[in-house]
Amino acid sequence: MQEQVNENPLRAGMRLERTAPPCAVVIFGASGDLTKRKLVPALFRLTQARLLPAEFAIVGVARQPFSDEDFRGQMREAVLEYGGEQGISDEVWKSFARGLFYQQGDFRDAAAFEKLRERLAEIDKERGGHGNRLFYLATAPSYFGLIAEQLGKSGLAQSADRAWTRIVVEKPFGHNLESARKLNQELLAVFNEEQVYRIDHYLGKETVQNLLVFRFANSIFEPLWNRQYIDHVQITNAEAIGVEGRGAYYEEAGAVRDMIQNHVFQVASLIAMEPPVSLGADSVRDEKVKAMMAVRVIRPEQVEECAVRGQYGPGYVLGEKVPGYREEPGVNPESSTETFAALKLYFDNWRWAGVPFYLRSGKRLPKRVTEIAIRFKDVPHRLFTESDAPLEPNVLVVRIQPNEGITLRFGAKLPGTRTRTRIRSVNMDFRYGSSFGVGPPEAYERLLLDCLLGDSTLYARRDMTERGWEIVTPILEAWRQPATDFPNYPAGTPGPKASHELIERDKRLWRRI
Amino acid sequence: MQESTPFHSHPIEVEDALDVQAIERELNRLWTENAGASERNEEGAMLRARVLNLLVYVTDEESLREVEEMLLDVAAMHPCRAVVMLAESASADKDIEMHVSTRCLLPEAGGRRLCCEQVNLRAGGRFTVELPSASVPLLVADLPVFLCWRAPLLFEEQTFQNLIKAADRVIIDTAASLHSRDELSALARFLRQRSEAQTALSDLNWTRLTAWRALLANFYDTPEHAKALENLSHISIDFVGQKSAPGMVAPKALILAGWLASRLGWRVMSAAETVAARSVALERDGRRLSVEFREVEHMAVAQGGLARVELKTESEARASFIVMRAEDGRNLETRTDLLADASTARVLAGGDKSEAQLLAAELEILCHDNIYEEAVIKAAEMADALSSGHTDWR
C-alpha cells in the first residue's frame, strides 16, 4: 500500500482530519441511480470539506455512449438535486469537474478493460495521480463476478508499485448462501480480503456508529446489557414507501434478502457483540461475527413458529391511497415475494441466553422508522401497588432514522398531593439534530472516505455476510412454497396478524410503528 | 439559518444579593408559559435543551447587539444557557440589572421547537466588578462552561481572572482584540504560563485559518511534495491591513506563519524591512528560510484577512504551492507548480464563516489546543523580531 506521509507535521492537532491520498475512483454502473443520488454528491461534498486531494479523479464506466462533458453535465445536475447544495459557483464546479471522466464500456468486453487501463494511466499523468484505484461496483449484482474477473485479467486488480487497489461491492451480496460463497470466491480469486469492501450503508449512519460509543464509552450501560436485566430486544425497519418502480428487482429479493440479511443483522450484531479489544477493523468485526455465530439457526420445522412473512395489499399510507404489491409495475400478479418479514432469534451465549430478539422489516407500513428498542425487565418487587396503572418497563430506544437519537424511558411520580402515588413514564431524549445542532453527515460520505483511507471497520467482512445467509437459509427454503394468504396486510398497517401473534404468544407486544 | 422567535423576555429586580433561586424560578415560569402558549397556538411540543453554559462578556451596546443576533444561531448548533454580561465601566455607576429570556427555533415539520435560555446582566461604573460573582452562580451544574471574551485582552485584570476560573475554555478573537506587538507578546506570555489543568484558550482568528491550514497541509500529504517542501526556502503571506493597527502585520498572518514555523521546527533569527514587505529569517539545521509579509489590497477580503500564501522551494526541484482567496472572495484557490510536472489547480467553496459558525466550531472543543498555543508563541517571536529590527531571537 502506498504510504501517505505518515507524520505530516502540518496535520498535527485535532482540527485537521486525515485526507484521502490521490486516487481514481472508477464507478462501474455510472449511469445508474446510485451514482447520481449518492456517490458523486458524497464525493463532491468530501472535496469541498477538503478531505480529498487535488489529484483526485472519478471515472464513470457504463455502456451508454457519453462523453466526458455529457457525464460532467449529468453529475452537476445530480449534485444540485441530491447533494443538498443550494447552488454551486461555476468556478467550484469546473474545478471539481476537471477530475470527472467517462469511459464507455461493456463489462463483457475484455477490450473495454484494456481501454480503461490506458485511460487511467493517462488520467494519472494528467492529474498527478499515484496509481491508487478504487473500483466501485454500482451495477446489478449479476455483473459483480464478471467485473472482478475482467479486472483480474486486464491487470487492473494488481496494484502498481507502492499503490493500492480496492473494490467496493454494493448489496445484495449474493442471492443466497451458495451464491454469496460463489461471489466471495470470484472476488477473492482476484483480490485479497483486505482489498474487498462490502458496503452496508447503515454502518455509515451516525446513530449506528454511536452504538459503539454509547455502549463502550459509558460505564453505566454495559453492566445492564445482558440477560439479567433485559427482557427482549426489538429491531424495526419500517418503510412507508413501496417498491418505487423496482418491482422487477424486488421480485428476486424480498424483505429478508433486501434488508434483514444485511442491514438488520448488522445492527443486531452491534447490540449483541462483546466489547472489542480495540477499535481496529478486525477487532470490531471479530466480535460482531462471534455474536452472529451464537445465533440459534432455525430448524425447518421451527420456521412457522419463529418467522412470519407478509405482502401488502392496497391501502392508505400517510393519507394517500396506494396499490397493493401485486399491482406494482414489474411484479407478478400472483407473486409470493414477501414485502414484510418478522423473525424471533436467540443468541445462545452467556450474555443473551433466553433473551429473544424480535426483528421485523417491511414496506408500506404506517411510517418510516428504523429503531432498536431494548426493553428491560420489570422491577423484581413492586412497591407502588397503589398506582392507578401498571408500572411500565424501562425502555432504551436507539432511533436510526428519521430523527437519529436515543431515548430512555423511565417512571416518574406524577406531581400532586394525592395520598396515592401515581407514576407515569417520561422520556429522556438525545437527538443528533438538537443536541449537536445541524444534522449528521450522509452515510456514504463517511463510508467512501473510510475506504479511501483503508479503514474497513464499517464494511462487512466475508464471514459476516456468509453467516447472515446461513441464518436465513432455512427461512428462505421454507418460503419457496407459494404463500396462499398473500396479500395479508393492507398497506399502511403494521404488518400481518401473524407477526403480532409471533410476539404476543410470548406475552409481549410490538412497539407501535 | 433557521427562523427563530424570542418568546418571552422578563426583567428581574436584583436586591442587594443575587437570588439564584428566584432566577431559576423565573426561567421555569417562562418555560411553563412558553409550553402553554405553544400548545394553545398548536405549535407543537417544546424541547428545552442545554448541552453547555456560554458566558459572554462585552463592554458596549453594539457588541451586545451583535452577540444577541449571533446567539440564536449558535444555540441552534449548541443548545445552551447563555449568560451575557454587559460591563460599561466608563459609564456612571449602575447596579446590576438582569433580564431573563427564552428563545426558540421554529421546528421543521413534525419536529419539536428547540428552546434555549438567556440571562443578561448589565452593570455600569464600579458595579461592573460584581458581574462575575453574579453570573457564575447561574451556570448549570455538570455542563461545560465556555467564556466568550469580547473585550480588550487584559490578562491580569481581575474580572478576566475571576471569570476564567469558572470556565473550561475561553474564546477570544485576536482579529478584534490584538492591535500591537505588545498585546501579542502578552498573549504569548499568558499561553506559556498556562498548564494543562488550567482553562484552555480558543481564538476565532485561528478558527478562520482552518481552511487555509488544511489546504497547506494537503501539499505535504504526498511523498513527492513532502520532499519538495523539505527544501522550503521562502514563504510569502499577503494580508489586508487593519485600520485599527496601522503598520502592524495582521495577527492572522503572524499566527499562520507561527504555525508553519512551529510545526516545521524553524527558529526565528532576524527580521528585515523593505518598502514592499517585512520579512523574518528562520533557521533549522543550518538551513535558512525567509517569511515575507506583504500588505496588499483585496476587494473581497476583510481587514486583517489573508489574500494569498505561497510556499516556495529554490533547490533543483523547484516547486511552488499557493493558496489564495479568489477575486470574488467566495472561494479558495490552490495551485501546485512542480518544475518537472504540469501545475495542478483547483477551486473550493470557501467563503468566510459567520461568527456564529466560528464560535460553534470552538464549542466542540474542550481540551487545550497545543498547536495554536505554539503557533502564537512563535508568532510573538516573529513580531518581536520585526519590531526590534535585526535581532537574533533565542
Side-chain angles (χ1 to χ4, degrees), chain A residues 2-22 44-45 47-56 85-99 125-130 132 162 367 402-403 427 429-431 433-439, chain B residues 47 49 51 74-79 105 108 110-112 114 206-207 209-211 213-226 229 259-260 262-265 326 328 330-336 338 341-342 344-350 360-361 363-365 367 369-372:
Chain A
Q2 182 176 36
E3 297 289 325
Q4 269 186 255
V5 177
N6 284 331
E7 300 283 342
N8 182 346
L10 296 185
R11 288 215 174 271
M14 75 209 68
R15 295 171 194 262
L16 301 188
E17 295 185 57
R18 274 177 75 197
T19 55
F44 178 78
R45 280 194 299 273
T47 305
Q48 299 313 303
R50 301 175 299 272
L51 294 169
L52 298 181
E55 301 84 358
F56 191 75
E85 302 291 328
Q86 303 299 328
I88 308 171
S89 80
D90 283 342
E91 295 78 17
V92 168
W93 178 256
K94 276 186 201 147
S95 173
F96 177 76
R98 275 198 291 273
K125 201 163 169 206
E126 180 187 320
R127 297 193 51 85
H130 289 87
N132 296 322
R162 298 194 305 144
K367 67 179 189 209
N403 301 323
N427 281 353
D429 265 330
F430 154 67
R431 290 202 182 186
S434 53
S435 288
F436 290 122
V438 296
Chain B
L47 183 67
V51 299
V74 171
M77 293 177 260
H78 297 278
L105 286 157
E108 294 165 6
R112 285 197 266 182
L114 175 66
W206 176 246
T207 323
L209 280 173
T210 300
R213 295 195 303 120
L215 292 171
L216 288 167
N218 202 203
F219 294 138
Y220 256 115
D221 283 338
T222 53
E224 294 85 355
H225 296 174
L229 283 163
W259 169 67
L260 284 165
S262 58
R263 292 293 90 225
L264 300 175
D328 62 4
R330 287 191 303 163
N331 303 324
L332 281 172
E333 299 177 9
T334 71
R335 200 167 78 228
T336 308
L338 295 174
D341 301 327
T344 314
R346 63 174 174 163
V347 179
L348 296 170
L363 296 178
E364 292 177 11
I365 303 170
C367 56
D369 187 344
N370 295 326
I371 307 301
Y372 164 70

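Below, chains carry the letters A, B, ... as their sequence lines are ordered, and counting in each starts from 1. Predicted model only: the values in this text are computed from it and were never measured.
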Out of curiosity, [X] [atom1] to [Y] [atom2], how far, rounded to the nearest 0.5 Å?
X: A:Arg11; Y: B:Leu216; atom1: CZ; atom2: CG; value: 10.5 Å
X: A:Arg127; Y: B:Arg346; atom1: CZ; atom2: CZ; value: 9.0 Å
X: B:Thr334; Y: A:Arg50; atom1: OG1; atom2: CZ; value: 11.5 Å
X: B:Asn331; Y: A:Ser95; atom1: CG; atom2: OG; value: 9.0 Å
X: A:Leu10; Y: B:Ile371; atom1: CG; atom2: CD1; value: 10.0 Å

Non-hydrogen atoms of chain A under 4.5 Å away: do they reach the side chain of [X], the backbone, both or neither?
X: B:Ala326; value: neither
X: B:Leu264; value: side chain
X: B:Ile365; value: side chain

Does any part of the side chain of B:Val347, heavy atoms only, come nearer than 4.5 Å to the side chain of A:Lys94, both counted from C-beta?
no
Heavy-atom side-chain proximity of B:Asp369 to A:Arg15 below 4.5 angstrom
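With C-beta onward as the side chain, the pair touches.
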What pair of heavy atoms forms the shortest contact from A:Pro53 to B:Asn218, and how long is it?
CA-OD1, 3.7 Å
Locate the shortest heavy-atom distance separating B:Ala349 from A:Gln48; write the atom from each residue and the value.
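Result for this residue pair: N-OE1, 2.8 Å.
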Using atom types as modelled and distance alone, determine if a side-chain donor or acceptor of B:Asp221 lies under 3.5 Å from a backbone N or O of A:Asn8.
no
